[in-house]
Student: 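Encoded as structure tokens, here's the structure I'll be asking about.
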Amino acid sequence: MTTKTETMDYDEVLERFDPVLGLEVHVELSTRTKMFCGCPNAFGGEPNTHVCPTCLGLPGALPVVNGSAVESAIRIGLGLNCEIAGWCRFARKNYFYPDMPKNFQTSQYDEPIAFDGYLDVELGDGETVRVGIERAHMEEDTGKSLHVGGATGRIHGADYSLLDYNRAGVPLIEIVTKPITGAGRRAPEVARAYVTALRDLLRAMGVSDVRMDQGSLRCDANVSLSPKGDEAFGTRSETKNVNSLRSVERAVRYEMTRQATLLSRGERVVQETRHFQEADGTTSAGRPKETSEDYRYFPEPDLVPIAPSSAWVEELRSTLPELPWERRRRIQQEWQLTDEELRDLVNTGAADVVAATVDAGAPVDDARSWWVQFLTEQANSRGVDLADLPVTPAQVARVIALISEGTLTNKLGREVVLGVLAGEGDPDEVIASRGLEVVSDDSALTAAIDEALAAQPDVVEKIRGGKVQAAGAIVGAVMKATQGQADAKRVRELILQRCGAE
Ligand code: ADP
Ligand code: MG
Ligand code: ZN
């Protein structure tokens, strides 16, 4: 381990080395059932309730391929501009791990369903980088282990481990990039922008709920360095468990610096998996990297090959939705946004949710300001991505509507949204349970107004004498007394009435 003070400065890293990246993204498909059996594919649930002989790997149980998962795989391949294989098979990837009861993972190896594509990725300043896609293949997820008793949550030091096979056999697509070269200083940014673009694409296609925080989209980041100008790639590390967009960027940057520090001291980079630590943004060594020989891959004998006809592929191509970047261009025109406004939307990750909020009936400007300001602050303070906040565009649209009809003030609206984020239910439920509605009922207001008038006789004199601006002080006092729940416009009217200044 190197300490902070010995670590090479980022500028120096780039003077001496060129980074090469490779990103592997696993995405869980949101099909109704699992990849090779009829068990429900649903996040959570009581442990070991979504299981059957097939996904538990019991002897004699036979798998059947989930057709709708194959459809999603082909659509993803097409969205990534890939070739679709006319014929391909599954393979067994053999290894023992307690969360994988068959002792092999059914995956694709040298015959992926989709290969050789690209994704155009837009960076923060509007520049576009083309990332090559090597392949997108089908496989199944493992179960989950919970190691109890240790300090780190890892198996080392644990007293015992619990296993939940609900996730075993959930359909996964692994999308692997070609080596990304030439990104230089911007490598961390490119990595983040790629995962963002991929997530947006998958979400638009409706094939996955792409929640990095729940693990339905997971990214492994491969990083290596070559001495400046050297064509040959250096030895790579593979950082696992990077579960937010921000972490992807931090992990790549950390690895670049760590490796540069090692190399400049004449030490070697070890080819290994590493773990990213959210808390301090560092990575730590995992296990040495297996080679494909270690896995003893062989074609899965229990499943028939997959041979999509070109008619089927073309039919699936016609179901591709408007792609996120096309939608962005259209939104920019329709909403008349400047390049900079569009970039703000895209950079905060708000474009999709704002569009969905507009679709739910909110005016564009309101939808934009809610997501780009208040909700972005909330996401940042919770360390999650905007789209992962537990509030839906429809709920935000509802709050905006309640504000514009006067049922809520802006301040109350924010409180309602905080209630939704805290899991208290829909906006209307939060309003009811927290008692947040604006008070515009005159009888409820007059008591507070009379009290405020009595407390400030000098102000009353001014108003009576024609200085109506002075009413502001009384309005403020009433708003304070009603904890911001009064309808300020109505309060002002009532004050002027009572002072005979109308
Ligand atoms: P593995 O089975 O080791 O995970 P994959 O082929 O699935 O290998 O993924 C490796 C990823 O790393 C790919 O995205 C590939 O383009 C990339 N890659 C390969 N060599 C290097 C390297 N020297 N430096 C950085 N990335 C690399
Ligand atoms: Mg891999
Ligand atoms: Zn099952």
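Please read these numbers as outputs of a predicted model, since none were measured by experiment. Keep in mind that the numbers below use all heavy atoms, side chains included, and drop hydrogens, waters and symmetry copies. Order of appearance sets the numbers: ligands from 1, and atoms from 1 within every ligand.
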Student: With a cut-off of 4.0 Å, which atoms of ligand 1 are near a heavy atom of L21?
Tutor: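 Those of ligand 1 that fall under 4.0 Å from L21 are 26 (N).
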Student: Step by step, work out the side-chain contact (heavy atoms from CB on, under 4.5 Å) result for E174 and E24.
Tutor: CA-CA 7 Å; E174 179 174 344; E24 298 170 68; 3.0 Å; yes
Student: Could you check if a side-chain atom of L217 sits within less than 4.5 angstrom of a side-chain atom of S208, using non-hydrogen atoms only?
Tutor: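 The answer is no; the side chains never approach within 4.5 Å.
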Student: Looking only at the side chains, is there a donor atom on one of Q332 and D339 sitting less than 3.5 Å from an acceptor on the other?
Tutor: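 Distance-only check passes for Q332 and D339.
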Student: Determine, step by step, whether Y95 and Q105 satisfy the side-chain contact (heavy atoms from CB on, under 4.5 Å) criterion, reporting the C-alpha distance in whole Å, the side-chain angles of both residues, the deciding distance to 0.1 Å, and the verdict.
Tutor: CA-CA 8 Å; Y95 63 102; Q105 181 187 30; 4.1 Å; yes
Student: Going by the atom numbers of ligand 1, which of them fall below 4.0 Å from some non-hydrogen atom of T177?
Tutor: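 Answer, ordered by atom number: 13 (C), 14 (O), 15 (C), 16 (O).
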Student: How long is the straight-line distance from CD of Q378 back to CG of L389, given to the nearest 0.5 Å?
Tutor: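 Result: 7.5 Å between the selected atoms.
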Student: For ligand 1, is any non-hydrogen atom under 4.0 Å from K178's backbone (N, CA, C, O), its side chain (CB onward), both, or neither?
Tutor: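 Looking at K178 and ligand 1, just backbone atoms fall under 4.0 Å.
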Student: Hey, mind stepping through E249 and R253 against salt bridge (Lys or Arg N to Asp or Glu O under 4.0 Å) and telling me if it holds?
Tutor: CA-CA 6 Å; E249 185 166 357; R253 187 177 165 127; over 6 Å; no
Student: Counting each atom of ligand 1 from 1 as listed, which ones have a heavy atom of N222 under 4.0 Å away?
Tutor: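 Counting from 1, the qualifying ligand atoms are 10 (C), 11 (C), 12 (O), 26 (N).
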Student: What does the angle at the Zn ion (ligand 3) come to, between atom SG of C52 and atom SG of C37, rounded to 10°?
Tutor: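 Result: 110°, to 10°.
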Student: Of the listed options (K93, R236, E174), which comes nearest to atom 27 (C) of ligand 1 when hydrogens are ignored and any heavy atom counts?
Tutor: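 Heavy atom nearest to atom 27 (C) of ligand 1 belongs to R236.
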Student: Which atoms of ligand 1 are found less than 4.0 Å from any heavy atom of V176?
Tutor: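 Close to V176: 9 (O), 13 (C), 14 (O).
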Student: Quick check on contacts: which atoms of ligand 1 are under 4.0 angstrom from a heavy atom of P179?
Tutor: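 Listed by number with element: 16 (O).
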Student: Side chain or backbone of L23 under 4.0 Å from ligand 1, or both, or neither, by non-hydrogen atoms?
Tutor: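 Backbone only; the side chain of L23 stays clear of ligand 1.
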Student: Using a strict cut-off of 4.0 Å, indicate which atoms of ligand 1 neighbour a heavy atom of G234.
Tutor: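 Under 4.0 Å from G234, ligand 1 has these atoms: 23 (N).
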Student: Taking 2.8 Å as the cut-off, does an N/O/S atom of C55 lie below it from the Zn ion (ligand 3)?
Tutor: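 Yes, C55 qualifies, because one of its backbone or side-chain N, O or S atoms lies under 2.8 Å.
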Student: Could you establish whether R135 and ligand 1 come within less than 4.0 Å of each other, counting only heavy atoms on the residue side?
Tutor: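 A heavy atom of R135 does come that close to ligand 1.
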Student: For R296 and N94, run side chain to side chain donor-acceptor pair (under 3.5 Å): C-alpha distance rounded to whole Å, both residues' side-chain angles, the deciding distance at 0.1 Å, then the answer.
Tutor: CA-CA 6 Å; R296 295 294 187 270; N94 296 283; over 6 Å; no
Student: Determine, step by step, whether F36 and F90 satisfy the side-chain contact (heavy atoms from CB on, under 4.5 Å) criterion, reporting the C-alpha distance in whole Å, the side-chain angles of both residues, the deciding distance to 0.1 Å, and the verdict.
Tutor: CA-CA 11 Å; F36 302 113; F90 284 96; 3.9 Å; yes
